Student: 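Encoded as structure tokens, here's the structure I'll be asking about.
Note on naming: letters A, B, ... go to the chains in the order of the sequence lines (proteins, then strands), and numbering restarts at 1 for each one. Bear in mind that the values here come from a model prediction, so they are computed numbers and not experimental data.
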Amino acid sequence: MPRITSQAAIAVLLGLAAAAQAQTPATPVMPEVSDVATLPPAGPHRLWIEDAFSGAAQVIDGDTGALKATIPGASLSSYAAGPDQRMVYVAESIWTLGNRGQRQDMVSVYDGLTLKLQTEIPIPSRAYVASDGQVFALNHEGTRAYVYSMQPASGVVVIDLALHKVLRTVDTPGCALAFPWGSDGFSALCGDGSLATVTTGEKPSVTRSAAFFDAERDPVFEQSPTNGATGRTFFVTYSGAVHPVDLGPTPRFEPSWSLQAAAGLQPAGVENGELAWRPGGYAPMALHRASGRLFVLMHAGEHWTQKKSGEELWMVDTAAHKVLRRLPLKDPCIGVAVSQDDHAQVYLMDEKGNLSIRDAQTLDELRSVEDVGRGIPVSPAL
Amino acid sequence: MPRITSQAAIAVLLGLAAAAQAQTPATPVMPEVSDVATLPPAGPHRLWIEDAFSGAAQVIDGDTGALKATIPGASLSSYAAGPDQRMVYVAESIWTLGNRGQRQDMVSVYDGLTLKLQTEIPIPSRAYVASDGQVFALNHEGTRAYVYSMQPASGVVVIDLALHKVLRTVDTPGCALAFPWGSDGFSALCGDGSLATVTTGEKPSVTRSAAFFDAERDPVFEQSPTNGATGRTFFVTYSGAVHPVDLGPTPRFEPSWSLQAAAGLQPAGVENGELAWRPGGYAPMALHRASGRLFVLMHAGEHWTQKKSGEELWMVDTAAHKVLRRLPLKDPCIGVAVSQDDHAQVYLMDEKGNLSIRDAQTLDELRSVEDVGRGIPVSPAL
Amino acid sequence: MTRLTLDGLGERLTRRLAGRLSRRSALARLGATVVAAPLLPVLPVARAEAALPSSFTRNAQTKDPTKCDYWRYCAIDGLLCTCCGGAVHTCPPGTQASPTSWVGTCVNPDDGKSYLIAYRDCCGATPCHSKCHCDGTERETPLYRPQGDNDVIWCFGLTTMAYHCSTAALVGLAE
Amino acid sequence: MTRLTLDGLGERLTRRLAGRLSRRSALARLGATVVAAPLLPVLPVARAEAALPSSFTRNAQTKDPTKCDYWRYCAIDGLLCTCCGGAVHTCPPGTQASPTSWVGTCVNPDDGKSYLIAYRDCCGATPCHSKCHCDGTERETPLYRPQGDNDVIWCFGLTTMAYHCSTAALVGLAE
């Protein structure tokens, strides 16, 4: 008598025996069983919307605009995906009593299809920041994860993602962030405008370059795009100077060039009152690695407006140092992302929380999604 | 050389010795010291805005409309104040890993002036609900707290607020909520429309009345207002029938009367299609205990619209069974509260999150506060 | 019993154990329900319909389960899983479907019949960012009739009660 | 050192201790700062102003500290404590003032002078519901120059880093 049984169970659970007895039994028909969805294998147009403060990343299908799932995360977590997004990693800091209690830093590991928690990798510490920069990154093979830590001192926690354990923490005094290259190396940016090159083997080594930018007057964005497979990286300054660097054991620095000059304009300066088109936003740029095309949110403003939303999207050929397209944006945008396939899509998030999905070639809008909520778009493809 | 010292400290902390050295020391002037504010002793017009989902209660001064402080709380917490709001209590459920891990149920105790956490009283369980009803309540002396629990079975956790410990949990099968009366008694509402009377001494006793309302077809609001000092309680049904009951060891039931009739209208029925003025909202009513005046949010609708926002505020004389005023509301309101002093204020929260503060006598608006955010107004005066 | 036992223990310990014990007991007691779930319904069947359908029914549609006026949502309260990567009776990836639920009786305007709907919450993850928030209140009852209370977080018997979204599973004919 | 020690421990234990140890070390190292706080400033002084004031300075006011264009907020990022029951350099009740801060150099339009402003976060409570969110970016630098980074949660050395709101304390003349 399953109905009796379940009635009894609920009655006990809810302490409502009396009420339950009183109820007219319903005609049994085949009831629907509740189940749980799984994600299809990730295609190239899968998109994440990362909301730093509320935590959680929305998983969106760029081909439909539909919300497919939510990756759970504590406030101020960082998110990353392994090869083919078969695994999803969340670097997070959680207190046992929410706003108080014992701090717990970890990298939580989720299956990429079921989003079921696989394990938690405890880490000694991580930078607790509302930053969209390279604070949590994987190497291009997805075998290593690097977590930037600034408490108490500047360092990078190196994690073996196969063993699910911390290998070591490399001190990076005066330097921050982690731009991975090769199997076990990464580079960091330093407060004096130099680059730190770090190998993370048994005996970690840290070497410093000469300063290649003015970190005080015209810093490079911590969201400067990098290609973990080749080490090719474009460090872009607040004023729009592009410093191409091939990261690796011995980094190769190329002469810098100007985004504005690439558009046939005067390079922008850093003095007060100097109005120019400048890069800005919370996710101000994205690189399509195969084509070397850089998509940058640009706004008209003075220096020190590096977080101002983009009024135009510039499509830049980083080989020819040429701006190919300038797309005026109806609503100012806080972030841009680009997928990494041949038929790439560009994702633009505006200040109202509306997402625009566009063809990366033509920049025509394919579809838009209203009111996605705060957060920046990220293409999780490794 | 304090400057050196502190420079060094910061340098170490941030791992930026290099950068720090490079800096021009600033001319020492008397710098401002950071301090922490404390609340003044609570006046009668102090107001709480409780946001069930985000957690936290905003403390607002009804005489200025200013936000004075925030009472921290986990999602789905319940809030209560002791005598003169010298102590603030938060009943909350927190998981050690935020959305996972070990569940911890507790009543967190805060000093009413500093809002510093004094202690946490662990409790076996509590109902985890988005309810604004009597799930957490103090007796009128502020010596006992009652926490309704429905996991696994229906019961009420009795807490001694002097000893900061749980005395016992009283099972209340088939009954829920806690309307405190006297020093150590409370009443609960039952699924069959009866009232359970509970004494919580060494040998707790639970007695049940005959059914006095139809819990299935016309339930009474769980937010029905009660006076813990006298036991005087007005159980109001979804259709607007008022059941006055003097809660106590032997509850005294008075004949019910109709809100609509008190306004010279036909009492509202419960059949589909029957349009009438009905009580509704998330905090649909509030009682000014001294005057016995009931303030009810009313809307025009059919039965089963008990959460619909109020389109009018009715001021009701509960002794004369007479509606004294019907105030049309410009924007529909989700909640109402009233202060308990002689120069009482009425607080109205509309659907847009705007708060209106009015004179409880004239219902004239004294001031309004824009965009206070989701949440219902509560006057925490015991 | 659980509670009496706990009262004997030290406070710290009590707190550490409280959740686990009470969840265990809940799970034990729920076992039957979980197993029997396919053959639910348990639960309150509304009395014979009044001649006139309710206002919700009169305005309900049967095509789009991402809208609040979808017929099954007559007593739902929460974020629709249909907007969060789930479906009408399917939880989004990474969440757990609650073995317990509150229940509504909704009329399908296509056949005019009343059906029992089990509103099962999907739990165990931060809330969905869904814009689809609905609050149906037909025959919705207060906590003292919890089987009809949609303010309760219906995640009993799961490893966590973090609320994500709500589903509406058809469990039977009400007549 | 902390970390090397931790690497030796079992994973569970590591996690249990990590926060506590690193906070302790932070506190130890911060001791001097905390004590010396009244005699701060430590910190980067911008180079001599360019002839023209910055756009923020040109539009700044000195009357209303609950507005983003208040002169001291040239490099603030966050919720203003002045809207949360605190004041320009006062944390709201129940929160803790961070002993550390990021720093901005703002011009007071009344005297045209540049001042060092220490932006100290108030921590230890759920975020303020303040509508007063501001994001000044004057001389705001990335993580590799953290003393000027307003994306960092500046709650180092406190018992919790839960962010509530941000203050702007005057610490000295920049010239």
Side-chain angles (χ1 to χ4, degrees), chain B residues 1-16 19-20 22-39 49 51 54-56 58-61 66-75 88 110-117 370-375, chain D residues 26 29-45 47 81 83-101 115-116 118 120 122 124-131 144-147 156-157 162 164-165 167-175:
Chain B
M1 299 283 90
R3 205 174 69 248
I4 306 298
T5 323
S6 47
Q7 265 183 347
I10 291 277
V12 172
L13 173 74
L14 304 178
L16 284 171
Q23 289 150 17
T24 322
T27 320
V29 303
M30 237 12 218
E32 292 170 347
V33 179
S34 291
D35 54 1
V36 179
T38 58
L39 285 165
I49 305 291
D51 179 337
S54 90
Q58 299 180 67
V59 179
I60 290 179
D61 175 0
L67 173 61
K68 304 303 288 179
T70 305
I71 303 166
S75 180
V88 170
Y110 293 90
D111 176 273
L113 301 185
T114 65
L115 289 186
K116 285 210 173 100
L117 181 66
E370 300 273 291
D371 190 19
V372 176
R374 297 183 329 181
Chain D
R29 299 175 181 196
L30 273 165
T33 325
V34 184
V35 175
L39 264 170
L40 280 170
V42 202
L43 305 164
V45 178
R47 305 197 177 153
C81 293
C83 299
C84 304
V88 180
H89 60 86
T90 303
C91 288
T95 65
Q96 310 166 45
S98 174
T100 57
S101 70
Y115 293 86
L116 284 177
R120 300 196 182 108
C122 301
T126 34
C128 166
H129 283 228
S130 167
K131 299 141 265 177
Y144 51 84
R145 283 182 76 86
Q147 66 273 46
F156 297 104
H164 188 69
C165 62
T167 64
L170 188 69
V171 290
L173 260 177
E175 279 95 0

Student: Closest approach of D/H129 and B/D51, non-hydrogen atoms and distance?
Tutor: CE1-OD2, 3.7 Å

Student: Identify which part of D/C83 has an atom lying under 4.5 Å from any heavy atom of chain B, answering side chain, backbone, both or neither.
Tutor: backbone

Student: Between B/V36 and D/T90, which heavy-atom pair has the shortest distance, and what is it?
Tutor: C-CG2, 3.9 Å

Student: Is there a donor-acceptor pair closer than 3.5 Å between any side-chain N or O of B/E32 and the backbone N or O of D/L170?
Tutor: yes

Student: Counting only heavy atoms closer than 4.5 Å, note whether B/T114 contacts chain D via side chain, backbone, both or neither.
Tutor: backbone

Student: Any idea which of D/P92, D/P93, D/C91 has the most non-hydrogen atom pairs under 4.5 angstrom with chain B?
Tutor: D/P93

Student: Of the backbone (N, CA, C, O) and the side chain (C-beta and beyond), which part of B/I49 lies under 4.5 Å from a heavy atom of chain D, both, or neither?
Tutor: neither

Student: Indicate the atoms forming the closest heavy-atom contact of B/V33 with D/H89, along with that distance.
Tutor: O-ND1, 2.9 Å

Student: So which of D/A125, D/A97, D/C84 has the largest heavy-atom pair count under 4.5 angstrom toward chain B?
Tutor: D/C84

Student: What residue in D/T167, D/V88, D/T126 has the most heavy-atom pairs under 4.5 Å with chain B?
Tutor: D/T126

Student: Please rank B/D111, B/D371, B/T70, B/L117 by heavy-atom pairs under 4.5 Å with chain D and give me the top one.
Tutor: B/D371

Student: Return yes when atom NZ of D/K131 has more than 12 non-hydrogen atoms of other residues, nucleotides or ligands closer than 6.0 Å, and no otherwise.
Tutor: yes

